[in-house]
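Below: one structure, written as structure tokens.
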Amino acid sequence: MLVKDTVAAIVAAALEQANRDGVISVDAAPDIEIERPNNPEHGDFATNLPLRLARAARANPMQLAQLISERIQPGPEIASLEPAPPGFINFKLSDDWLQRQVETVIAAGDKFGSADVGTGRKVMVEFVSVNPTGPVHVGHTRGAVLGSALANTMQAAGYEVTREYYINDAGSQMEAFYRSVWTRYQQALGRDAQMPENGYQGDYIADIAAEIIDTEGPGLLELPEPAAIRRIGDIAREKMVELIRDDLDAIGVNFDNWFSERWLFLNERAPTSDYDQAIAKLREGGHLAERSGALWFNSIALGDDRDNVVVRSSGEPTYFASDIAYHYNKFSGREFNRVIDIWGADHQGHVPRMKAAVSALGVKPENLTVLISQMVTLKRGDETVRASKRTGDFVTLRELVDEVGMDACRYFFLARAASTQMEFDLELATRESSENPVYYVQYAHARNASILSLAAERGIDYANGDVSLLTHPNELALIRTMLRLSELIVQVAENLEPHHLPHYAMELATAFHHFYENCRVISANPEDNELTLARLKLVAAAQVVFRRTLTLMGMSAPERMER
RNA sequence: GUCCCAGUAGCUCAGUGGAUAGAGCGGCUGCCUUCUAAGCAGCUGGCCGCGGGUUCGAAUCCUGCCUGGGACGCCA
């Protein structure tokens with residue numbers, strides 16, 4: 001249980017007591033909010049309950065604060081509490097409780113900060129899902145980093161998480177991709193072939209064609225064109241997916257499952273495909289209508305601003321149809337309790353119809369959350385770098401990682417709220433690479449690690465260190481900051497806001513650097529032996545917290561850093 | 001035209017209806033005989049886009065406007 005929740009509980013109990021005592025009478029008590037005051041003089045926690053109660057109770061907030069405070073029965077965590085104008089109650093954590101947490105943290109190890117708000121519910125985080133028609137570029141990278149950190153954190157918060165990549169490999173964009181590779185293949189072998197109008201121009205298309213020539217030879221020229229394209233397409237698709245997988249791996253993004261769109265139309269296991277089942281379900285519910293030869297989903301009736309085509313007059317299902325089948329598969333087929341989709345800003349218009357479709361499938365719309373990762377504008381100095389997959393003129397994930405590095409890249413993307421458009425200046429990111437927040441955090445960990453390795457070198461055993469000696473303000477401040485990770489994990493998981501992680505990491509690093517400056521750990525003075533042991537324990541605990549934080553962000557925790 | 005996102009320090013951005021609005025970078029001063037100076041201490045820097053409203057209390061909620069970006073297909 002979080003300390004915050006403990007505080008809330010004792011406040012609630014005190015309010016009830018005040019009610020029973022007849023000194024405060026309110027019909028419905030508001031939710032009890034416990035906040036972290038900005039000003040450390042106001043303690044570790046505060047509640048504004050008296051202020052919120054004042055109107056209903058028709059009483060002076062300070063007076064209410066007094067009446068409630070008197071009835072609070074604090075546990076061992078709390079050193080003191082007091083009413084504060086204009087009507088807060090402030091709580092201060094006790095030093096000896098804080099000191100004992102050092103041992104709790106060490107005992108928890110890499111589980112420290114884990115919570116159980118997910119209560120084991122099955123959640124899918126589906127992200128990136130770039131069409132396998134080209135490499136991953138900068139915009140996708142943001143969603144990739146966001147999704148992986150969010151998935152990590154939700155797992156830490158007690159969800160059973162599946163990370164999934166949806167491979168859109170069944171549509172007309174794929175046809176254009178296949179034809180583009182086919183064209184380059186022919187051209188490379190001296191045949192005069194013309195790139196289709198909607199073809200992909202990037203150099204990688206020719207690279208793939210060249211690889212295919214290496215393994216398959218020129219023989220495909222002899223096949224009838226449709227057969228050649230099918231064969232080329234199959235190989236090219238595999239290669240492209242592999243390329244994407246490698247790219248994402250380079251930035252530390254991995255998936256539990258790669259789900260192919262084509263599977264939605266197969267019916268190997270069930271008697272009917274996911275697609276058939278989903279359409280049948282919509283039809284049963286009266287959500288489909290035929291108009292001008294096409295099959296429409298009546299999404300207006302469910303709150304969207306227009307209806308959407310599911311099956312074209314040509315008989316071909318649309319991308320939306322696949323998506324309906326896919327979500328049917330997620331919720332009904334695989335029984336996820338909750339699904340989080342991370343989409344790029346160019347898909348934000350599709351959220352209402354997807355929500356409508358999900359509810360038409362009999363799933364509570366709130367079980368589907370679509371996070372929109374906003375645009376990334378790329379700059380190189382003053383120049384804006386335009387991103388267009390068609391022309392092949394874009395900065396890829398690969399180039400970005402090569403230039404900026406994986407850790408800095410992840411940190412930079414993570415630190416911004418997903419809903420905000422961001423500007424990424426490559427020049428700046430590279431130039432500032434020696435003194436930036438990434439190194440600040442990692443350096444704190446490296447300093448931490450070097451203390452521990454020196455202790456190991458000297459054979460110092462601090463297992464029996466006495467934590468009650470940790471009374472220096474910087475020691476207690478460090479412990480306080482360390483403990484906040486537990487709250488943070490819950491907050492990130494509940495609000496789906498991984499951008500708090502890097503900011504927390506900065507604060508943790510600051511607290512550690514301050515401790516490092518002011519509290520010599522391994523002392524040469526024999527009189528300080530006991531203190532050395534206690535501080536080593538704190539350093540070991542801090543390392544646990546650094547590692548956990550960096551791991552959640554998917555960043556490395558270097559033991560050494562040297563220029 | 002409709003809808004979505006944003007506007008906070010010179011720049012890039014945090015900020016959960018609360019108490020004195022923060023960080024990094026930049027700029028200016030200082031600090032290494034002791035566990036890493038990728039650090040620390042100090043200074044500099046703000047009509048929180050503008051106007052109204054709700055509230056005991058608004059950067060935060062509502063509303064109108066301004067500015068910037070995005071989405072509005074039988075493409076994916």
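Residue numbering restarts at 1 for every chain, and letters A, B, ... go by the order of the sequence lines. Predicted model, so just to flag it, every value in this text is computed and none were measured.
The side chain of S419(A) lies closest to A6(B) when the candidates are C40(B), C4(B), A6(B). Here the nucleotide nearest the side chain of N39(A), chosen from U20(B), C13(B), A76(B), is U20(B). For E423(A), counting side-chain heavy atoms from C-beta on, the closest listed nucleotide (C75(B), A19(B), C13(B)) is C13(B). Distance from the side chain of H499(A) is smallest for A14(B) among the nucleotides A71(B), A14(B), A19(B). With G18(B), C40(B), U12(B) as the candidates, the nucleotide lying closest to the side chain of H513(A) is C40(B). Among A14(B), G70(B), G39(B), the nucleotide with an atom closest to any side-chain atom of R416(A) is A14(B). In the set A19(B), A6(B), C40(B), A19(B) carries the atom at the smallest distance from any side-chain atom of N38(A). Comparing A19(B), G68(B), U20(B) by their nearest atom to the side chain of E41(A) picks out U20(B). Of the candidates A76(B), G68(B), C35(B), C35(B) carries the atom nearest the S450(A) side chain, counting heavy atoms from C-beta on.
Proximity of T420(A) to the phosphate of A14(B): a side-chain N or O atom is located under 4.0 Å from OP1 or OP2. Phosphate proximity of A76(B) to R312(A): present, with a side-chain N or O under 4.0 Å from OP1 or OP2. The shortest distance between the side-chain N/O atoms of H500(A) and the OP1/OP2 oxygens of U16(B) is not below 4.0 Å. Side-chain N/O atoms of Y440(A) include one lying less than 4.0 angstrom from OP1 or OP2 on C40(B).
Note on N474(A): nothing from the nucleic acid sits closer than 4.0 angstrom, heavy atoms only. Note on Q348(A): a base of the nucleic acid sits closer than 4.0 angstrom, heavy atoms only. At the heavy-atom level, R458(A) lies nowhere under 4.0 Å from the strands shown. Using a 4.0 Å heavy-atom criterion, one finds that F424(A) contacts no nucleic acid atom at all. Looking at heavy-atom distances under 4.0 Å, A345(A) makes contact with sugar-phosphate atoms alone, never a base. A446(A) comes within contact range of at least one nucleobase, with a heavy-atom separation under 4.0 Å. At a threshold of 4.0 angstrom between heavy atoms, the contacts of F320(A) with the nucleic acid are absent. Contacts of M506(A) with the nucleic acid, taken as non-hydrogen atoms under 4.0 Å apart, involve only primed sugar atoms and P, OP1 or OP2. Q421(A) comes within contact range of at least one nucleobase, with a heavy-atom separation under 4.0 Å.
The aromatic rings of Y166(A) and F259(A) sit tilted, their planes meeting at an angle between 30° and 60°. Using bins of under 30°, 30° to 60° and over 60° for the plane-to-plane angle, the ring pair F424(A)/F413(A) lands in the perpendicular bin. Ring pair W258(A)/Y165(A) is parallel by interplanar angle, where below 30° counts as parallel and above 60° as perpendicular.
Taking the P atom of each, A59(B) and U16(B) are spaced 13 Å apart, rounded to whole Å. Nucleotides G17(B) and U60(B) are separated by 11 Å at their P atoms, to the nearest Å. C11(B) and G26(B): their P atoms are spaced 15 Å apart (whole Å).
A distance cut-off of 5.5 Å between ring centres, combined with a plane angle under 30°, places F88(A) in a stacking arrangement with the base of A19(B). Stacking between H42(A) and A19(B) is shown: the ring centroid lies under 5.5 Å from the centre of the six-membered base ring, and the planes differ by under 30°.
With a cut-off of 3.5 Å on both pairing distances, the Watson-Crick or G-U wobble partner of G27(B) is C43(B). Base pairing of G64(B) is made with C50(B), judged by Watson-Crick or G-U wobble geometry with both donor-acceptor distances under 3.5 Å.
Cation-pi geometry between R237(A) and F177(A) is not met: the NZ or CZ atom fails to fall both under 6.0 Å from the ring centre and inside 45° of the normal.
Heavy-atom distances to RNA chain B give each of E517(A) and A415(A) a nearest nucleotide, and the one nearer the 5′ end belongs to A415(A). Between H514(A) and S313(A), the one whose closest nucleotide on RNA chain B sits nearer the 5' end is H514(A).
Look at CE on M422(A): it is 13 Å from C1' on A14(B), rounded to the nearest Å. The CZ atom of F413(A) sits 12 Å away from the P atom of C13(B) (whole-angstrom rounding). Here A71(B) presents its C1' atom at 11 Å from CZ of R306(A), a figure rounded to the nearest Å.
Judged by distance alone, the side chain of H503(A) and the main-chain N or O of H499(A) form a donor-acceptor pair under 3.5 Å.
Here R291(A) pairs with D307(A) in a salt bridge; the nearest charged N to carboxylate O distance falls below 4.0 Å.
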task: Take E33(A) and R52(A) through the test salt bridge (Lys or Arg N to Asp or Glu O under 4.0 Å) and record every step on the way to the result.
output: CA-CA 10 Å; E33(A) 289 175 9; R52(A) 291 157 53 84; 3.4 Å; yes

